[in-house]
2 protein chains.
Amino acid sequence: MATIRDVARAAGVSIATVSRVFNNQDLVNDETALRVMQAAVACDYWPNEAAKSLTTSHSNAFGVLLPDLFGEFYSEIIRGIDHRARQSGYQILLSSSHASNEDVLNAARAMLGRVDGLMMMTPDGASVETVERIRKRLPVVLLNPGFLAADCGAVSVDNFAGAKAATEHLLGLGHREIAMIAGPAGNSDADGRRRGYQAALAGFGLDPARAVIEPGDFRETAGHAAGLQLLGRTPRPTAVFAANDSMAIGLLGAARECGVRVPEDVAVVGFDDLTIARYLNPPLTTVTIDAYGLGRRAVALMLAAVEGDAGSPAVRETLPAVLTVRESCGTPRRAAVAQSPLLRR
Amino acid sequence: MATIRDVARAAGVSIATVSRVFNNQDLVNDETALRVMQAAVACDYWPNEAAKSLTTSHSNAFGVLLPDLFGEFYSEIIRGIDHRARQSGYQILLSSSHASNEDVLNAARAMLGRVDGLMMMTPDGASVETVERIRKRLPVVLLNPGFLAADCGAVSVDNFAGAKAATEHLLGLGHREIAMIAGPAGNSDADGRRRGYQAALAGFGLDPARAVIEPGDFRETAGHAAGLQLLGRTPRPTAVFAANDSMAIGLLGAARECGVRVPEDVAVVGFDDLTIARYLNPPLTTVTIDAYGLGRRAVALMLAAVEGDAGSPAVRETLPAVLTVRESCGTPRRAAVAQSPLLRR
DNA sequence: CACGGCGATGTAAACGGTTTCATAAAATTG
DNA sequence: CAATTTTATGAAACCGTTTACATCGCCGTG
């Protein structure tokens with residue numbers, strides 16, 4: 001395939017001129033430029049991006065490291081990242097499923113020289129040391145990090161506040177036996193949500209240590225299994241807070257199978273507000289977070305770090321997580337209504 | 001940051017030796033290799049992948065061009081691609097949202113030199129010419145292409161057969177007023193599914209031209225809107241085939257809002273078998289396709305083209321789409337039972 | 001008219017690796 | 001022990017760009 005030399009030869013100029021035509025149009029005489037362009041088209045010349053990266057040490061691409069790609073949540077993040085990046089002419093080098101530190105490090109290594117920065121979401125992987133090791137060579141933006149790393153940008157979702165609001169909503173409706181289906185142990189998102197739930201309970205004078213927490217892994221099946229567990233208990237919890245919508249959906253399925261009505265027999269709250277949440281039966285009350293926006297913001301921070309004044313500080317942003325009330329929690333429980341006239345409808 | 005020269009200097013060898021240590025370990029003396037490795041660790045040397053690509057003209061990465069990333073379907077494809085690629089040591093350069101030919105071409109251009117092949121899914125974009133233009137420089141594997149391109153691998157889902165089976169299922173249950181919510185016009189997947197639906201109708205002696213087809217775009221909202229339309233018709237269709245699950249879910253939401261029961265008042269079939277389909281209320285009868293497997297197969301074909309014997313033919317695979325019966329279609333309609341004793345339970 | 005400045009272009013040195021070829025030392029062979 | 005093969009390494013070319021610097025007319029100015 002044609003290289004810049006072929007084009008130069010065809011146009012009767014030097015390779016420098018060809019390069020200038022493609023980069024600094026204005027440095028070269030109009031007629032010459034035209035001649036070069038024609039030659040380039042004739043040769044069907046496509047510049048080699050690897051060579052470009054090498055000389056400019058600049059790739060117009062960002063690396064993205066994700067834990068895994070399950071479900072709409074991650075895919076929305078990627079969508080946000082991709083859209084924002086493309087908008088600024090950047091490409092995305094993707095790599096998912098990173099468990100260990102070694103894994104993350106290898107992935108980062110394999111990206112060196114082909115990306116201008118790295119966005120990482122490793123809720124249960126990567127230690128601070130790993131991140132800082134990478135940071136020595138590349139700008140880094142963390143998504144929902146479980147820790148603070150020096151000199152890295154970070155965008156987080158306010159998992160704690162969202163979970164607290166969700167739980168308080170249930171408490172406000174009069175529920176006291178509120179179980180939770182948790183996310184994977186060691187996952188920072190799951191962690192924040194669990195803490196928010198417990199904080200809400202504590203705020204109402206309930207003992208968080210006595211709370212019923214069923215383990216889960218953010219997948220539908222786990223929600224389903226946990227649901228069967230919880231709904232089989234006596235006394236059965238009157239409400240369940242699932243750490244994400246996928247598990248809430250699994251729970252809804254379990255309830256259906258057990259003949260347990262939602263919200264009459266048990267109230268359900270999720271987290272994420274997947275697109276489908278509003279179309280479920282019943283429509284799911286959940287905590288809305290803007291995964292797409294999370295991705296976009298991450299790129300925005302990265303762009304600031306890469307293109308902005310070198311000394312741009314490591315910005316740290318938190319995106320809100322707000323409760324969206326639909327129908328899966330029903331109306332206030334009778335007992336609660338009796339206690340609090342304000343809640344009467 | 002340290003380059004190969006720094007390592008060479010630190011180890012007291014030439015850069016050739018360092019390179020050999022990293023690539024053909026066995027060509028160099030054990031002691032020397034050890035010394036080099038130590039020097040590399042001391043310098044914290046990470047090879048520059050762009051430079052590597054330039055000399056070897058080999059990047060260990062594949063480009064992936066997608067229409068957009070909406071919903072679990074696409075994210076599952078990416079997941080399959082990513083997993084399989086990583087398994088063979090390849091990275092993924094992602095780029096989505098390509099509408100026009102020019103768009104696709106630019107994206108491909110921007111990848112030249114940094115990928116060893118291109119996987120494209122452009123259900124409504126890219127013409128054959130565009131694809132073949134790209135094919136001149138890179139191996140290409142198409143996902144669910146609407147056309148045949150010379151010398152390109154292709155993996156497709158049997159949309160036609162799946163849609164036909166779904167529709168025949170409804171016909172078999174006794175339904176005759178079967179409406180469809182279609183996918184976006186010009187989208188080849190949507191197209192295949194619509195054709196399958198019409199073929200099934202025709203096979204039962206019904207006139208496909210008289211079929212009620214509501215337009216859609218594969219999103220929940222469209223399914224919801226189309227659902228309101230369809231359920232408001234008189235006479236109301238007794239069954240609806242949605243071109244994908246997302247729209248079926250929107251439809252389910254609409255039915256709920258209208259007080260129309262599923263499956264008693266209207267039967268619903270979807271397409272895709274999203275993870276959540278089985279947990280819906282009622283569990284959704286749908287056509288199962290293996291999006292994850294689609295991605296994996298695409299990579300497998302690509303690997304064969306890249307690593308295999310140069311003359312590897314352009315393989316063309318079709319993945320099955322099989323009906324998964326759950327509860328959203330209910331039991332045979334009375335009229336049908338009367339007509340066909342075989343259907344009586 | 002000599003000269004400084006400018007606009008247009010070419011030359012050549014990077015960028016950071018891999019790989020061919022040459023070479024020297026060591027090992028093997030008859 | 002000489003001849004030959006093998007092993008280990010280095011020198012240098014090369015991959016396809018960008019860009020600093022040099023060159024060369026040409027124009028306007030004093």
Side-chain angles (χ1 to χ4, degrees), chain A residues 1-40 43-61 91 109-116 137-138, chain B residues 1-40 43-61 89 109-116 137-138:
Chain A
M1 284 288 96
T3 74
I4 199 172
R5 270 165 249 276
D6 299 316
V7 178
R9 198 173 313 123
V13 298
S14 75
I15 59 168
T17 299
V18 177
S19 176
R20 278 191 279 256
V21 170
F22 279 81
N23 301 310
N24 292 305
Q25 185 70 261
D26 47 334
L27 283 185
V28 24
N29 181 289
D30 286 354
E31 294 171 28
T32 318
L34 182 63
R35 203 147 36 94
V36 169
M37 285 307 292
Q38 287 170 340
C43 301
D44 196 21
Y45 167 64
W46 293 16
N48 182 309
E49 298 294 330
K52 234 158 148 165
S53 300
L54 185 55
T55 34
T56 58
S57 55
H58 200 47
S59 62
N60 282 309
Q91 291 178 312
R109 255 206 182 84
M111 289 184 170
L112 190 74
R114 28 178 68 146
V115 299
D116 296 334
R137 334 189 84 104
L138 285 172
Chain B
M1 283 288 99
T3 74
I4 198 172
R5 274 162 243 275
D6 299 316
V7 178
R9 198 172 314 123
V13 298
S14 75
I15 59 167
T17 301
V18 178
S19 176
R20 278 189 279 255
V21 170
F22 279 80
N23 302 312
N24 292 307
Q25 186 68 264
D26 48 334
L27 283 186
V28 24
N29 181 288
D30 286 354
E31 295 170 29
T32 317
L34 183 64
R35 205 149 34 95
V36 169
M37 285 307 292
Q38 288 170 339
C43 302
D44 195 21
Y45 168 63
W46 293 16
N48 182 308
E49 298 294 330
K52 235 158 148 166
S53 300
L54 184 56
T55 33
T56 59
S57 55
H58 200 45
S59 62
N60 282 308
R109 256 207 181 85
M111 289 185 170
L112 190 74
R114 26 178 69 147
V115 299
D116 296 334
R137 334 189 85 104
L138 286 171

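What's counted below: heavy atoms across the whole structure, side chains too, no hydrogens, waters or symmetry copies.
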In whole angstroms, how far is the [atom2] atom of [N] from the [atom1] atom of [X]?
X	N	atom1	atom2	result
B/Lys52	D/dG16	NZ	P	19 Å
A/Asn48	C/dG17	CG	C1'	14 Å
B/Leu27	D/dT9	CG	C1'	11 Å
A/His58	C/dG16	NE2	P	16 Å
A/Arg35	C/dA8	CZ	C1'	12 Å
B/Asn29	D/dT9	CG	P	5 Å
A/Asn24	C/dA8	CG	P	13 Å
A/Asp26	C/dT9	CG	P	13 Å

Checklist entry - Is there side-chain contact between B/Ile15 and B/Ser19, with heavy atoms separated by less than 4.5 Å? => result no
Checklist entry - Of the non-hydrogen atoms in A/Ala39 and A/Val7, which two are nearest, and what is the gap between them? => result CB-O, 3.9 Å
Next on the checklist: Minimum heavy-atom separation for A/Ile4 and A/Val18, please, with both atom names.
Outcome noted: CG1-CG1, 3.5 Å
Listed by chain and number, what are the side chain to side chain donor-acceptor pair (under 3.5 Å) partners of [X], not counting sequence neighbours?
X	result
A/Thr3	none
A/Arg109	none
A/Asn60	none

By side-chain contact (heavy atoms from CB on, under 4.5 Å), which residues pair with [X], not counting sequence neighbours?
X	value
A/Asp30	none
A/Asn29	A/Glu31, A/Thr32
B/Ser57	none
B/Ala110	A/Gln91

Checklist entry - Using a cut-off of 4.0 Å on non-hydrogen atoms, how would the nucleic acid contact of B/Tyr45 be classed: base, sugar-phosphate, or nothing? => result sugar-phosphate
Checklist entry - Looking for any heavy atom pair under 4.0 Å, which part of the strands does B/Ser53 touch: base, sugar-phosphate only, or nothing? => result nothing
Item to check | Residue pairs, two or more places apart or on separate chains, that pass salt bridge (Lys or Arg N to Asp or Glu O under 4.0 Å) and touch residues 1-20 of chain B | outcome: B/Asp6-B/Arg9
List the atom pairs, donor and acceptor, that lie under 3.5 Å between side-chain atoms in residues 44-53 of chain B and the rest of the protein, sequence neighbours left out.
{"from": "B/Asp44", "atom 1": "OD1", "to": "A/Arg133", "atom 2": "NH2", "distance (Å)": "3.1"}
{"from": "B/Asp44", "atom 1": "OD1", "to": "B/Trp46", "atom 2": "NE1", "distance (Å)": "3.4"}
{"from": "B/Asp44", "atom 1": "OD2", "to": "A/Lys136", "atom 2": "NZ", "distance (Å)": "3.4"}
{"from": "B/Asp44", "atom 1": "OD2", "to": "A/Arg137", "atom 2": "NH1", "distance (Å)": "3.0"}
{"from": "B/Asn48", "atom 1": "OD1", "to": "B/Ala50", "atom 2": "N", "distance (Å)": "2.8"}
{"from": "B/Asn48", "atom 1": "OD1", "to": "B/Ala51", "atom 2": "N", "distance (Å)": "3.0"}
{"from": "B/Ser53", "atom 1": "OG", "to": "A/Arg114", "atom 2": "NH2", "distance (Å)": "2.8"}
{"from": "B/Ser53", "atom 1": "OG", "to": "B/Glu49", "atom 2": "O", "distance (Å)": "2.9"}

Checklist outcome for this item: Sorted by number, residues from residues 3-15 of chain A placing a heavy atom under 4.0 Å from DNA chain C are A/Gly12, A/Val13, A/Ser14
Check every atom of [options] against the side chain of [X] and return the nucleotide holding the closest atom.
X	options	value
B/Ser19	D/dG16, D/dT9, C/dT18	C/dT18
B/Val28	D/dT17, C/dG10, D/dT9	D/dT9
A/Ala51	C/dG17, D/dG16, C/dT9	D/dG16

Item to check | A/Met1 or B/Thr17, whichever maps to the more 5' nucleotide of DNA chain D | outcome: B/Thr17
Next on the checklist: On the nucleotide D/dT9, are OP1 or OP2 found under 4.0 Å from the side-chain N or O atoms that B/Thr32 carries?
Outcome noted: yes
Checklist outcome for this item: Rounded to 10°, the angle between the first-five-pair and last-five-pair axes of the helix from C/dC1-D/dG30 to C/dG30-D/dC1 is 50°
Look for any protein N or O under 3.5 Å of an N or O in nucleotides 20-23 of chain C and output each such pair with its distance, or none.
none

